Colleague: 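Below you will find the structure I want to go over with you.
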Number of protein chains: 2
Amino acid sequence: MRTTLQPGLTNRLTKYLRTTQQLIEEGRDAVSSKELGDYTGINPVQVRRDLNAIGFSGTRGVGYQAYDLVEAVRDILGLRQTYNIALVGAGNLGSAIAASTILPKRGFVIHDVFDADTDKIGRTVGNVVVKHIDELAKSVAEAEEIIGIIATPASAAQHVADLMTEANIRVILNYTDVLLHVPSHVDVHRIDPTAQLMHTLYYLTQAEGQEAS
Amino acid sequence: MRTTLQPGLTNRLTKYLRTTQQLIEEGRDAVSSKELGDYTGINPVQVRRDLNAIGFSGTRGVGYQAYDLVEAVRDILGLRQTYNIALVGAGNLGSAIAASTILPKRGFVIHDVFDADTDKIGRTVGNVVVKHIDELAKSVAEAEEIIGIIATPASAAQHVADLMTEANIRVILNYTDVLLHVPSHVDVHRIDPTAQLMHTLYYLTQAEGQEAS
DNA sequence: GGATGTGAACGACTTCACAGCT
DNA sequence: AGCTGTGAAGTCGTTCACATCC
């Protein structure tokens, strides 16, 4: 009986996963709920409740076994498989994304890179040769890609989104500034650094205002 | 009596702000709570409650006046001022960030760009001349910067974070993959595209598993 | 008709407090 | 001593349903 987990829980589990993976890289063996709470901004009690909810136990006085925790969460979230990604845009941003280690470490592989600029076709970005955007549909089908990243100039974003939709891409990561219009079965995620900034700055300026009292 | 808004609310307000601004760019005049809900993933009822909570009213049968809404939210969040940002890392990623329109549109200005590579010093990135990382403390003080962006290779990230902390930076946007250790008065935000991916893919694969029934 | 505004019930998250293991 | 595990109370967010107004 594999019941679907609640949205909030899956969200938090991914955070535990990322921070624990990184603590392991630092050589850590066990992690406490307090630590996970500090790094993720989630209440320690909530952390314990969540890990408990997925049937994972720690040892009192010590914490949770880091490696086991990672495995347990990956199992629960079904993150054992690798996903191929189609990246469109081979400029500065696209090159940076293709070269980054963040995606591969989490089981995502930039399998194809596309661009409309014929000068860029054939160049290598990351480990991948840049293809022309016209080949997107074919490549996406062949590599069974369901995730697309848009790292083009803003002016091309909607067009690329349309191409991706036609090619049966289901999830789009949008690094541009434009609001994409897509069918409801396609999930768009914006990478917007200001979202977090605005939120934080509100509290920062509030705090400053109160320091006078 | 300017009471501090609840965390959840400010978070949601920033989302309404961004999408409304972009709808305005598309020439839209009025927005409905349903639309805002669709684009932000927030329940329309919640949208109405939130706008109500900050004392902003729409017109029934029509929606909310887009321009007025933007102004109202900016007032409430105190986002009238402009913030200068210190960006460290003038490689592909740093260049892309400096050239992007996302930040300036929201009142953030990349005022200084730093790098450790002497070959890059003096080059222009975005509209800014790259300085050596040693000048960070001085520049940050002069421009009264409280926000720093780390767009360096992962190996340099912690060192840069230390420099920023010493220079009195209060908010750090971390584009690298490493877990930064900073004093508790410094806010670190990770730009991690996989966070949203993992969450979405969980539901996508769950749904596929159930299509058979 | 179409959208806002709002009461009421529900569910999720937070927090306190404390028992229990190592 | 330190950290997990958990009951219970309180707060916040979500959703349904429907009245209200343009």
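Not measured: the values here are computed from a predicted model. Just so it is clear: chains get the letters A, B, ... in the order the sequence lines come, proteins before strands, and each one is counted from 1.
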Colleague: What's the shortest heavy-atom distance between A:H185 and A:R170, and which atoms?
Modeller: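 The answer is O-NE, 3.7 Å.
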Colleague: So which atom in A:A195 and which in B:T14 form the shortest heavy-atom distance, rounded to 0.1 Å?
Modeller: O-OG1, 4.3 Å
Colleague: Checking B:E35 side chain against B:S32 main chain: does a donor-acceptor pair fall under 3.5 Å?
Modeller: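 Judged by distance alone, yes, a pair lies under 3.5 Å.
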Colleague: Could you give the CD-to-P distance, from B:Q65 to C:dA3, as a whole number of Å?
Modeller: 15 Å
Colleague: Rounding to an integer number of Å, can you tell me how far A:I42 CD1 sits from D:dC12 C1'?
Modeller: 16 Å
Colleague: Is there a side-chain contact between B:Y64 and the phosphate of C:dG5, meaning an N or O under 4.0 Å from OP1 or OP2?
Modeller: yes
Colleague: Roughly how many Å is it from CZ in A:F56 to C1' in D:dT6, rounded to a whole number?
Modeller: 18 Å
Colleague: Just the rounded figure in Å: distance from C1' of C:dT4 to CD1 of B:I54.
Modeller: 15 Å
Colleague: Tell me whether the OP1 or OP2 atom of C:dC13 has a side-chain N or O from A:N43 closer than 4.0 Å.
Modeller: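 No, because none of the side-chain N or O atoms of A:N43 sits under 4.0 Å from OP1 or OP2 of C:dC13.
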Colleague: Which ones in residues 44-51 of chain A lie close to DNA chain D, meaning a heavy atom under 4.0 Å from one of its atoms?
Modeller: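 The answer is A:V45, A:R48, A:R49.
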Colleague: Measure from CG on B:D38 to P on C:dA3 and round the result to the nearest Å.
Modeller: 11 Å
Colleague: Considering all heavy atoms of both residues, which atom of A:I102 and which atom of B:Y175 are nearest to each other, and what is their separation?
Modeller: CD1-O, 3.7 Å
Colleague: Do any side-chain nitrogens or oxygens of B:N52 fall under 4.0 Å of OP1 or OP2 in C:dT6?
Modeller: yes
Colleague: Looking at B:D75 and B:R80, is there a salt bridge between them, counting it only when a charged N and a carboxylate O are closer than 4.0 Å?
Modeller: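 Judged by the 4.0 Å cut-off on N to carboxylate O distance, B:R80 and B:D75 do form a salt bridge.
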Colleague: Around atom NE2 of A:H159, are there more than 12 heavy atoms from other residues, nucleotides or ligands closer than 6.0 Å?
Modeller: no
Colleague: Determine whether more than 12 heavy atoms belonging to other residues, nucleotides or ligands lie under 6.0 Å from atom CD of B:E26.
Modeller: yes
Colleague: In whole angstrom, what separates A:K34's NZ from D:dG2's P?
Modeller: 12 Å
Colleague: Can you tell me if B:S32 touches the phosphate of C:dA3, counting only side-chain N or O atoms and a distance under 4.0 Å to OP1 or OP2?
Modeller: no
Colleague: Search all heavy atoms of B:L103 against all heavy atoms of A:P193 and return the closest pair with its distance.
Modeller: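 For B:L103 and A:P193, the tightest heavy-atom pair comes out as CD2-CG, 4.5 Å.
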Colleague: How close or far is atom C1' of D:dT11 from atom CG of B:L9, stated in whole angstroms?
Modeller: 15 Å
Colleague: Looking at every heavy atom in both B:A86 and B:E145, which two are closest together, and how far apart are they?
Modeller: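 Nearest heavy atoms, B:A86 then B:E145: CB-OE1, 3.2 Å.
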Colleague: For nucleotides 19-22 of chain D, list the nitrogen or oxygen atoms of the protein found under 3.5 Å from its nitrogen or oxygen atoms, one pair per line.
Modeller:
unit_1	atom_1	unit_2	atom_2	d
D:dT20	O2	B:R60	NH1	2.4

